[in-house]
Amino acid sequence: MGGYLELTDRELFDYPWIYIVEPGALVFSEAEVTVLRKYLLNGGFLMVDDFWGDYQWENFHREIKRVFPEYEPEELEMSHPIFHCVFNITLQKQQMQIPNFVQGENSQTTGITWEPEYRHGPGTHDVHFRAISDAKGRMMVFIAHNTDNGDGWEREGEFKYFFSEFSEKKAYPLGINVVFYAMTH
């Protein structure tokens, strides 16, 4: 179970949780807008991750507003239950930034965990966790902006420092919390 899936695949509704990585340049087709809206309003959950800067945020925001013109993504505070439901994440939001694995290894000497502005434009420094909830308050979308949790999940065995600093302490606990929260709320 799992793997690559088109939003318009019939099997979409067999998956209670989906993940879109690098949504900063995505453009939904009309069919995708329709089916994603139906999927999320009928109990599905979407996590988006690994997009950087103001330009990618503006593009994603424009596309998700096509799906939910009536709902606005809201910034989550670190006191939100999603950050405490399995692992009690006590780090500040900015401390939760997961860089790509190269930037992560370099951060040992530079202290820089954000993507460079020459690649993504302005606004890459600050981590944002946002959510879109339905009219009853059920979270349907969890948005991790200016962070790359996916690298924390997939690159853990390649670099000892990256694994111990970013995968173990941040990416895994957050990912487990998001999935648990999605499945129980």
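Cluster membership check: Y19 shares its hydrophobic cluster with M183, using side-chain heavy-atom separations under 4.5 Å among Ile, Leu, Val, Met, Phe, Trp and Tyr. W52 and V21 are assigned to two separate hydrophobic clusters, defined by single-linkage of ILVMFWY side chains at heavy-atom distances under 4.5 Å. Hydrophobic clustering (side-chain heavy atoms under 4.5 Å, transitive across Ile, Leu, Val, Met, Phe, Trp, Tyr) keeps W57 apart from Y55.
Using a 4.5 Å heavy-atom threshold, the side chains of L46 and W17 count as separate. Put simply, the side chain of I176 does not reach to within 4.5 Å of the side chain of P173, judged on heavy atoms. Two residues are said to be in side-chain contact when any heavy atoms from C-beta on lie closer than 4.5 Å; Q56 and H120 meet this criterion. N177 places a side-chain heavy atom less than 4.5 Å from the side chain of C85. Side-chain contact between L76 and M139 is present, with at least one heavy-atom pair separated by less than 4.5 Å.
Within 6.0 Å of CD on E70 lie more than 12 heavy atoms contributed by other residues, nucleotides or ligands. Atom CD of E74 sits in a sparse spot, with 12 or fewer heavy atoms from other residues, nucleotides or ligands closer than 6.0 Å.
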Stepwise side-chain contact (heavy atoms from CB on, under 4.5 Å) check, S107 with I112
CA-CA 5 Å; S107 74; I112 296 172; 5.7 Å; no
Under the criterion side-chain contact (heavy atoms from CB on, under 4.5 Å), I'd like the reasoning laid out for F45 against V179: C-alpha separation, chi angles, the key distance, then a yes or no.
CA-CA 9 Å; F45 189 93; V179 172; over 6 Å; no
Working note: T90 + N88, criterion side-chain contact (heavy atoms from CB on, under 4.5 Å); need CA distance, chi angles, decisive distance, verdict.
CA-CA 6 Å; T90 58; N88 185 29; 3.7 Å; yes
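Atoms CD and CD, from E158 and E105 in turn, are 9.5 Å apart once rounded to the nearest 0.5 Å. We find the CD-CG distance between Q103 and N100 to be 5.5 Å, quoted to the nearest 0.5 Å. Here the CD1-CD1 distance, from I82 to I89, works out to 9.0 Å after rounding to the nearest 0.5 Å. Rounding to the nearest 0.5 Å places NZ of K160 at 13.5 Å from OG of S167. Once rounded to the nearest 0.5 Å, the distance linking CG of L7 with CD1 of I18 reads 5.5 Å. Here I143 contributes atom CD1 and N146 contributes atom CG; the two are 12.5 Å apart, rounded to the nearest 0.5 Å.
Residue pairs meeting the ring pair (Phe, Tyr, Trp, His ring centres under 6.0 Å) criterion with at least one member in residues 85-114, sequence neighbours excluded: F101-F159, W114-H125. Judged as a salt bridge (Lys or Arg N to Asp or Glu O under 4.0 Å), not a single pair has a partner in residues 38-50 (not counting sequence neighbours). Applying the salt bridge (Lys or Arg N to Asp or Glu O under 4.0 Å) test to every pair with at least one member in residues 106-131, sequence neighbours left out, gives these pairs: E75-R130, E115-R119.
Not less than 6.0 angstrom separates the ring centroid of H80 from the ring centroid of F142. Taking the six-membered ring wherever Trp is involved, the centroid distance between the rings of F166 and W153 does not fall below 6.0 Å.
Taking F68 as the reference, Y71 meet the ring-ring contact (aromatic ring centres under 6.0 Å, His included) condition, with sequence neighbours excluded. F51 meets the ring-ring contact (aromatic ring centres under 6.0 Å, His included) test with F60, H145; sequence neighbours excluded. Partners of F13 by ring-ring contact (aromatic ring centres under 6.0 Å, His included), not counting sequence neighbours, listed by chain and number: Y39. For E77, the salt bridge (charged side-chain N to carboxylate O under 4.0 Å, His left out) test picks out no residue, with sequence neighbours left out. For K65, the salt bridge (charged side-chain N to carboxylate O under 4.0 Å, His left out) criterion is met by E72, not counting sequence neighbours. For E63, the side chain to side chain donor-acceptor pair (under 3.5 Å) partners two or more places apart in sequence, or in a different chain, are R66. The side chain to side chain contact (heavy atoms under 4.5 Å, CB included) check on S29 picks up A31, E32, with sequence neighbours excluded. Shown here are the salt bridge (charged side-chain N to carboxylate O under 4.0 Å, His left out) partners of E11, two or more places apart in sequence or in another chain: there are none. By the salt bridge (charged side-chain N to carboxylate O under 4.0 Å, His left out) test, R138 pairs with D134, sequence neighbours left out.
The nearest pair of heavy atoms linking P73 to I132 is CA-CG1, 3.8 Å. Taking each heavy atom of S133 and M140 in turn, the nearest pair found is C-CE, 3.7 Å. Residues T147 and F129 come closest through the heavy atom pair CG2-CE2, 4.2 Å. Nearest heavy-atom pair across Q97 and T124 is NE2-O, 3.6 Å. The heavy-atom pair separating I98 from G152 by the smallest distance is CG2-N, 4.0 Å. A144 and N149 make their closest contact through CB-ND2, 3.8 Å (heavy atoms, listed as atom of the first residue, atom of the second, distance).
Note on K169 versus E165: salt bridge recorded, some NZ/NE/NH1/NH2 to OD/OE distance being below 4.0 Å.
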